[in-house]
Amino acid sequence: MKNLKRLFLSILMLCSLNMVAKEGMWLPMFLQQLNETEMQAMGLELTAEDIYSINNGSLKDAIVHFGGGCTAEVISGEGLLLTNHHCGYGQIQSHSSVENDYLSNGFWAKDRSEELTNEGLTATFIKYMKEVTADVLLNETDGMTEAERREMIKSLGDSLISLEIEGTHYEAMIKPFFKGNRYFMFVTETYTDVRLVGAPPSSIGKFGSDTDNWMWPRHTGDFSIFRIYADKDNNPAEYSEDNIPYTPNKHLNISTQGVKPGDFTMVYGFPGRTDEYLPAVAVKQITQVLNPAKISIRKTALEIMDKEMRASDEVRIKYASKYASVANYYKKWIGENTGIQKTQGLKRKREFEQAFMDAVNSDEKYADYAGLLAVYDSLYGELEDIAMARDYFIEIAYRGVAIVNFANKVSKFVETGDAKDLERFKKSINGHFKNYDAHTDELLFDALFKKYELEQADSEYLPAYFNGKTYSAKEVFSKSYFASQEKLEDLLNSSTKKVQKKLSKDPAFKVASALYGHYRNVIYGKYWSLEDELDAVDREYLKAMMEVLPDYRNYYPDANSTLRLTYGQVQGVSPLDAVSYGHITYLEGMMEKYVPGDYEFDLPEKLIELYDSKDFGPYADDNGKLPVCFIATNHTTGGNSGSPALNAKGELVGLNFDRAWEGTMSDINYDASRCRNIMVDARYVLFIIDKFAGAGYLLDEMTIK
Ligand code: ARG
Ligand code: ASP
C-alpha cells in the first residue's frame with residue numbers, strides 16, 4: 001500500500017512537473033523527436049508533422065516573419081495577415097495625417113482598392129530548414145581564432161547557400177544554434193507587396209499604453225491586419241496594380257471556443273534573442289551593474305520627455321513613439337531585475353554551477369571543462385567597465401540626445417568634403433526634424449551629459465572629451481546649426497567648402513565627433529574582442545553542460561530570430577504573497593480602467609455603447625462576458641509579438657503581444673512559476689472587426705470554427 005502510494009505520488013510529481021515546466025523555444029524540425037510525446041500528453045491533438053512538414057502543407061506555411069522584427073500569420077485563403085497593432089504601428093503612423101488620423105481613429109479598407117501599400121515592408125515564409133553543421137565546420141581546427149572560424153563558416157556557408165537556392169527565387173541564411181555548436185540553414189521566400197487592411201484606434205490597439213505595458217491584467221486589443229499581394233503566378237513581386245491577393249499553402253482556422261485554465265496552447269513565431277545559459281557571474285553583472293545604470297539613465301530621460309509632452313501637444317505627438325520605445329525596455333529591465341531577485345535566480349544559477357563542477361570533478365574525462373567557470377569569472381571581470389562605458393555611450397550619445405546622433409551624420413562629409421556625402425546627409429534632415437523638439441533635447445543634453453561625466457568619472461574609459469573643453473547645453477543649443485532646421489538649411493545653401501568649414505566647428509559636431517571617435521577607437525575593438533573570447537567559452541560551456549548534466553534541465557537553442565515553437569498551458573499566476581491573477585480579462589475590466597480624455601485610458605464611444613447594450617454577438621464567453629486578453633506559460637520573447645497562440649487542434653485562439661512584468665527575466669532565466677505570455681483573445685479580435693469596426697466582410701474570407 002505504502003509502495004503503491006509512493007508510486008502514485010512519484011507519477012503525479014512527474015506529471016505535474018511535465019505539465020507545468022514548459023521552458024523552451026523549440027526547433028520545428030525536431031518536434032517529433034523531442035516534443036511530440038509531451039505535447040500530446042498535455043493535450044495536443046495534432047502530430048509534429050501537422051505543425052512542421054517539408055512536403056505537405058503544415059501550420060508553418062501560415063507563419064511569417066513580419067518586417068524582420070515581428071511575427072504574423074495568414075488567416076484567409078486570400079493572403080490576409082494578422083499581427084500586432086504595435087508591429088504595424090510604423091505603417092499605420094506613416095499613412096496618418098491630421099485629416100486622416102488612423103492612429104487615433106483606426107483604419108478599415110472597405111474593399112481591396114482601399115488597402116494601403118507600405119514601402120519596404122516584407123513578409124517572409126520559411127520553406128524549409130536543414131542542419132549544415134558538418135558542412136560549415138568542415139575545416140575547423142583547434143587553434144583557430146574566433147575571427148578565422150567566423151570567416152570559414154561564412155565562406156563555406158555562402159557556397160552552400162548559392163547551391164541551395166540556385167534557379168529559385170528563394171533566399172537562404174545560415175545561423176548558429178546552441179552557441180555555435182550547431183548550424184542550420186533556412187530557405188525563405190519573401191513577399192514585398194504587403195498592404196494595410198485594418199487597424200483599430202489606438203484607444204483599443206494601444207489601450208493602457210506605457211502604464212499597462214508589460215502588465216497583467218491587461219486589456220489591449222493589440223492587433224492590426226495586412227494582406228500579402230503576389231504576381232499572377234502567386235510569386236513575390238514589387239508593388240504593382242496588377243498584383244493579386246496571395247493564395248497561401250495554408251491559412252490558420254480561427255476558433256471562437258475560447259480557452260480554459262489548463263488548456264494546451266502553443267505559440268509559433270520568431271523570438272528574437274534570449275540568453276538562458278549565462279553563468280551566474282554574467283547574470284549578476286547584467287542585473288546588478290548594467291541594468292541599474294541603463295534604468296537610471298532612461299528614468300532621467302523619460303522624466304524630462306514626460307514633462308515636456310504633458311506641457312505641449314506638439315511635443316507629445318513628436319515624442320510619442322520615441323518615448324514608447326525608451327519606456328519599453330526601461331520597464332522590462334526593472335521587471336527582469338525584480339524577477340531574478342524574487343526567484344533567487346542567481347542562487348539557482350550557482351547551484352547549477354556547483355552541480356556542474358561536482359560532476360566535472362568526479363570524472364577525469366571531463367578534465368577539459370574544469371577551468372571554464374574560472375575563465376568566465378575573469379572575462380566578465382574584464383568586461384564590466386568596458387560594457388558599462390559602451391552602455392553609457394549608446395544610451396546617451398547614440399540614443400538619448402538626438403542632436404549628437406544627428407550631428408554625427410555629417411562626420412563623413414566633414415572628413416571628405418565630398419558633395420555626395422553631403423547629399424546623403426540632406427536626405428535625413430526632414431525625417432529628423434519631423435519628430436524633434438530642440439528645447440526638450442536641450443534638457444536631455446544637459447541632464448544626460450552631467451550624468452555621463454559624473455557617473456563615469458572613475459572609469460578608465462571616460463571619454464577624453466570630459467577632461468578637455470566640454471560644452472554646456474546652452475552653448476550647444478544656442479550656437480549649433482543642428483538645433484534648428486531653418487539655420488541648418490540656410491547654411492546648406494552656401495558653397496560646399498563653407499558648409500564643411502562651418503560644420504567642422506559646430507559645437508554639436510564637436511561633441512559628436514569626440515564621443516563617437518572615442519567609441520570607435522577605444523571601446524568598440526576592446527569590447528568585441530572580449531565578446532569573441534566569451535563566444536568561444538559559451539560554446540564550450542553549453543556543450544559541456546549538455547554532456548555532463550544532460551538531465552538537469554531542458555536544453556534548447558537560445559532565440560535568434562528564427563522560427564520556433566513554444567508550448568504551455570493557459571494559467572493564472574501569483575507573483576507576490578497574497579496576490580493572485582486570473583487567466584483571462586473581460587471588457588468589464590476595460591470599463592474599470594476607463595478615464596475619459598486620458599491619453600492612455602480613454603475609450604471610443606462606440607465601444608462603450610456596445611458594452612452597455614451587451615451586444616457581443618457570438619464572441620462572448622460562456623459566462624456572457626466579452627473576453628479581451630488571456631495568459632499562459634508559453635516561453636516567448638521580443639519578436640514573438642504577433643505570433644499566433646494555437647489550441648490543441650492548431651486553431652488560432654489568441655494573438656501574442658507581451659509578457660507579464662514579474663516574469664520578464666525569462667530571457668535570462670525562465671521560471672514557469674512566474675513567467676506568462678500575454679495574448680489578445682481571438683474572440684475579441686473578431687468582435688472588434690465585426691461589431692466595432694463594421695468590417696464583417698473581412699470575416700467572410702476567414703475560416704471561423
Ligand atoms: N512590451 C511589448 C513588447 O516588448 C509591447 C511594446 C509596445 N507597447 C508599448 N506601450 N510600448 O514589444
Ligand atoms: N512585446 C514583445 C514583442 O514585441 C513580446 C515580448 O517581449 O514578450 O515582440
Side-chain angles (χ1 to χ4, degrees), residues 24-34 52-55 60 65 68 124-190 270-278 360 365-372 375-376 379 525 528-550 555-564:
M25 299 174 166
W26 303 97
L27 278 168
M29 71 181 271
F30 294 125
L31 290 176
Q32 183 168 22
Q33 194 184 325
L34 298 176
Y52 175 85
S53 163
I54 301 189
N55 303 314
K60 93 151 180 2
H65 207 181
T124 299
F125 290 92
I126 303 297
K127 304 310 286 185
Y128 59 91
M129 59 181 291
K130 63 183 199 178
E131 179 149 20
V132 294
T133 309
D135 309 80
V136 298
L137 295 182
L138 194 64
N139 307 325
E140 191 179 28
T141 57
D142 278 347
M144 250 178 178
T145 65
E146 282 301 291
E148 287 164 350
R149 191 177 187 270
R150 255 199 311 272
E151 215 147 279
M152 167 193 68
I153 292 164
K154 172 94 173 65
S155 94
L156 290 171
D158 283 350
S159 13
L160 280 183
I161 286 176
S162 26
L163 271 178
E164 192 73 29
I165 60 176
E166 204 178 302
T168 71
H169 62 270
Y170 297 156
E171 289 166 289
M173 58 185 174
I174 292 173
K175 290 218 174 179
F177 287 74
F178 294 100
K179 302 288 178 207
N181 283 295
R182 294 171 76 175
Y183 288 80
F184 289 83
M185 182 196 288
F186 293 81
V187 175
T188 62
E189 183 177 37
T190 295
F270 293 86
R273 187 181 164 174
T274 57
D275 259 314
E276 305 289 353
Y277 304 104
L278 289 173
V360 164
K365 69 175 186 239
Y366 298 139
D368 281 355
Y369 303 146
L372 279 174
V375 178
Y376 267 134
L379 284 177
W528 286 105
S529 91
L530 281 168
E531 285 290 332
D532 256 9
E533 287 186 61
L534 279 167
D535 281 351
V537 187
D538 287 345
R539 191 162 68 238
E540 183 78 354
Y541 182 45
L542 182 54
K543 178 172 142 251
M545 59 173 102
M546 290 173 78
E547 192 180 323
V548 174
L549 297 175
Y555 293 99
Y556 53 90
D558 270 322
N560 59 358
S561 291
T562 60
L563 184 64
R564 304 295 178 90

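The chain is numbered in sequence order, starting from 1. Because the structure is predicted, anything quoted here is derived from the model rather than measured.
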Measure the spacing between CZ of Phe178 and CG of Asp538 and express it to the nearest 0.5 Å. 14.0 Å
Which heavy atom in Ser155 sits nearest to a heavy atom in Ser159, and how many Å separate them? O-OG, 3.0 Å
Of all the heavy-atom pairs spanning Arg564 and Pro557, show the shortest one and how long it is. NH1-O, 2.7 Å
Shortest non-hydrogen contact from His65 toward Ser561: CE1-O, 3.7 Å
What residues form a ring-ring contact (aromatic ring centres under 6.0 Å, His included) with Phe177, not counting sequence neighbours? Phe184, Phe186
Could you measure the distance from the OG1 atom of Thr145 to the CZ atom of Arg150? Nearest 0.5 Å is fine. 8.0 Å
First locate atom CG of Asp558, then atom CG of Leu542, and finally report the distance between them rounded to the nearest 0.5 Å. 8.0 Å
Is there a side-chain contact between Lys543 and Tyr369 in this structure, where contact means two heavy atoms from C-beta onward sitting under 4.5 Å apart? yes
Any side-chain heavy-atom pair of Glu164 and Tyr128 under 4.5 Å: yes
Separation of Tyr170 OH from Thr188 OG1 (nearest 0.5 Å): 10.0 Å
Hey, could you give me the CG/NZ distance between Asp135 and Lys130, rounded to the nearest 0.5 Å? 7.5 Å
If only atom types and distance count, is the side chain of Thr133 paired as donor or acceptor with the main-chain N or O of Tyr183 below 3.5 Å? yes
For Ile165 and Ala172, work out which heavy atoms get closest and say how close. CG2-CB, 3.8 Å
Hey, are Glu146 and Arg539 close enough for a salt bridge, meaning a charged N less than 4.0 Å from a carboxylate O? yes
Have a look at Trp26 and tell me which of Tyr52, Tyr555, Tyr556 forms a ring-ring contact (aromatic ring centres under 6.0 Å, His included) with it. Tyr556
In terms of heavy-atom contacts, does CD of Glu140 have more than 12 from other residues, nucleotides or ligands at under 6.0 Å? yes
Where Gly143 and Glu148 come nearest, the two heavy atoms and their spacing: O-OE1, 4.4 Å
Determine yes or no for a side-chain-to-main-chain donor-acceptor pair under 3.5 angstrom, with Lys60 supplying the side chain and Lys127 the backbone. yes
Would Leu137 and Met152 satisfy side-chain contact (heavy atoms from CB on, under 4.5 Å), going step by step from the backbone distance to the final call? CA-CA 7 Å; Leu137 295 182; Met152 167 193 68; 4.0 Å; yes
Let me confirm one number: the OH-CG distance from Tyr541 to Leu372, rounded to the nearest 0.5 Å. 8.0 Å
For residues Leu27 and Met129, determine if any side-chain heavy atom of one lies less than 4.5 Å from a side-chain heavy atom of the other. yes
May I ask you to decide whether Asp158 forms a salt bridge with Lys154, counting only side-chain N to carboxylate O separations under 4.0 Å? yes
How about Glu151: does its CD atom have over 12 heavy atoms from other parts shown lying under 6.0 Å from it? no
Check step by step if side-chain contact (heavy atoms from CB on, under 4.5 Å) holds for Lys179 and Asp275. CA-CA 10 Å; Lys179 302 288 178 207; Asp275 259 314; 3.2 Å; yes
